[in-house]
Amino acid sequence: MKYLSTRGDTTPRGFSDILLEGLAPDGGLFLPASYPRIDAATLAQWRGLPYAELAFRILSLYIDDIPAADLQRLCAATYTEQTFGTPRITPLKTLEDGLYLEALSNGPTLAFKDMAMQLLGHLFEYELARRGEELNILGATSGDTGSAAEYAMRGKKGVRVFMLSPHGRMSPFQQAQMFSLQDANIHNIAIEGVFDDCQDIVKAVSNDLDFKRRHRIGTVNSINWARLLAQVVYYFAGYFQATRSNDERVSFAVPSGNFGNICAGHVARMMGLPIERLVLATNENNVLDEFFRTGTYRVRSSAETHETSSPSMDISKASNFERFVFDLLGRDAERTRELFGATLAREGGFTLASDEFAPATRADGFGFASGSSTHADRLATIREAWQRWQTMIDTHTADGLKVARDHRQPGVPMIVLETALPAKFAATIVEALGVQPEPPPALRGIEALPRRCTLMAADAQAVKQYIEMHCR
Ligand SMILES: *Cc1c(COP(=O)(O)O)cnc(C)c1O
């Protein structure tokens, strides 16, 4: 399988060439040259495979430059009961007839980002060893991404992580999760500032091309294709658990921010998985809901970006969205470049022509539907799930469930992706239920563990010096 850029660069690249990359050189995002179609016989064969084996079969269709036995071993090492807490890896819970939650948050950091990041840790270690190279991952986090990256990369050979976070602004549980890691290759840097200051420092360091090259600086952000690919697997796994035969169709509801999770659903649907609707749920930051209702994509300013009780969905723009628009436009790279390049820079957004937009939400087109949720909706949904189904859900999952229920269709099972556990966002759970959510037994008491974290001013120069001193 070769990969191309959404903005027209068609230099043939294999999976291993793009694994460690972020953006394509022309500023676009990498996508496979085509989506492999799964025929009925293959789908029937896959039903019943253990998760790690299913992952191996799906990944094999997109990765032909890692020997099959190695890829199989990496998948088996990633998707274990030990890491994900259950042999099924992503078990389905029935709320009521035809309404399910797919548990994606039983990994080490209690959020769905572990599903992909854990695989990335194994793939990075493998590829770096094969090349005899090292990588220093520099990132900024306000919570979920940073901890998922650290738990994936801890102890991995050839990789170091330098993770910036805004001092004192993450939830106590998230701070404890990250700062209690004692692995020598993990560096927590608390910046005296807000998340944007952390992000600005990452940009400043990455824009110093000489520093970046000399110190082999890389990232693990959500535009990484391997992350997206790993997420395709649980759409298949959820489908097999909710149905008995491959003639049935299901819908998925996906709490969305950067359009990474639901983009994997789009890829699964393009491969032929019988998905009726991909229901996109946003919180008050409704950039994507607005698009799927109107065909207008309008990036928000930071002043217009709300801080909500589902903070991992607080986005001003959606970094994976270009992948979907490229497909929607019949893979017209010229038009994609115009929209996400010049038009976005000039006007802060774009509006598609009605014939361009129409297939996005048609059932015989790309099958998207969307909706948004508010803080009051989240509280009500958390309460209702607790009272009706004795199920405690987190705030992001609540956004998904709320919008899912607005879009149910008779005879079509609806699978809501559970993207985090309630213990991560305890304050809102207490507000909704008056009950303190318990973390899983292995994580009880982590707030009391010793912490490793360096406090620094919001100064790119100081961060560079720190990396220089610790990157070998
Ligand atoms: C990252 C995250 C999301 C948003 O996922 P995208 O791939 O950015 O759309 C939703 N819920 C939780 C808990 C997350 O951590």
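Read the numbers this way: they start at 1 and go in the same order the structure lists the ligands and their atoms. Values reported hereafter were calculated over all heavy atoms of this structure, with side chains retained and with hydrogens, waters and symmetry mates removed. Everything quoted here is computed from the prediction, not taken from an experiment.
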To which protein heavy atom is atom 7 (O) of ligand 1 closest, and what is the distance rounded to 0.1 Å?
N261 N, 2.9 Å
If we number the atoms of ligand 1 from 1 as shown, the ones under 4.0 Å from a heavy atom of A420 are 13 (C)
Assess whether side chain to side chain contact (heavy atoms under 4.5 Å, CB included) is satisfied between M270 and F366, documenting all intermediate values.
CA-CA 8 Å; M270 297 298 278; F366 293 89; 3.8 Å; yes
As an exercise, identify every atom of ligand 1 less than 4.0 angstrom from a heavy atom of M313.
10 (C)
Check: N258 side chain, N320 main-chain N or O, donor-acceptor pair, under 3.5 Å:
no
Do the rings of F368 and F259 sit parallel, tilted or perpendicular, given the 30° and 60° boundaries?
parallel
State whether Y35 and R331 meet the cation-pi test: NZ (Lys) or CZ (Arg) under 6.0 Å from the six-membered ring centroid, and within 45° of the perpendicular axis.
yes
Side chain, backbone, both or neither: K424 near ligand 1, heavy atoms under 4.0 Å:
neither
Of the backbone atoms (N, CA, C, O) and the side-chain heavy atoms from C-beta on, which set of F112 has a member under 4.0 Å from an atom of ligand 1: side chain, backbone, both, or neither?
side chain
Would you mind listing which atoms of ligand 1 come within a distance below 4.0 Å of any non-hydrogen atom of G260?
6 (P), 7 (O), 9 (O)
Side chains of F291 and L280, heavy atoms from C-beta outward: is any pair under 4.5 Å?
no
Restricting to non-hydrogen atoms, name the atom on K402 and the atom on S372 that form the minimum distance, rounded to 0.1 Å.
NZ-O, 3.4 Å
Number the atoms of ligand 1 from 1 as they appear, then name those within less than 4.0 Å of a heavy atom of T419, with their elements.
10 (C), 11 (N), 12 (C), 13 (C)
Would you call S256 a ligand 1 contact, heavy-atom distance under 4.0 Å?
yes
Of all the non-hydrogen atoms in the protein, which one sits nearest to atom 8 (O) of ligand 1, and at what distance?
N258 N, 2.7 Å
Polar-atom distance check: K113 versus ligand 1, any N or O pair below 3.5 Å?
yes
Considering the heavy atoms of P255, write down every atom of ligand 1 situated less than 4.0 Å from one of them.
4 (C), 10 (C)
Starting from atom 4 (C) of ligand 1, locate the nearest protein heavy atom and write down its residue, its atom name and how far away it is, to 0.1 Å.
G257 N, 3.5 Å
F292 side, atom CZ; I262 side, atom CD1 - distance, nearest 0.5 Å
7.0 Å
Show which atoms of ligand 1 fall inside a sub-4.0 Å distance from at least one heavy-atom site of D144.
12 (C), 13 (C), 14 (C), 15 (O)
Keeping R298 on the side-chain end and G349 on the backbone end, is there a donor-acceptor pair under 3.5 Å?
no
Between the side chain of T343 and the main-chain N/O of F350, is any donor-acceptor distance below 3.5 Å?
no
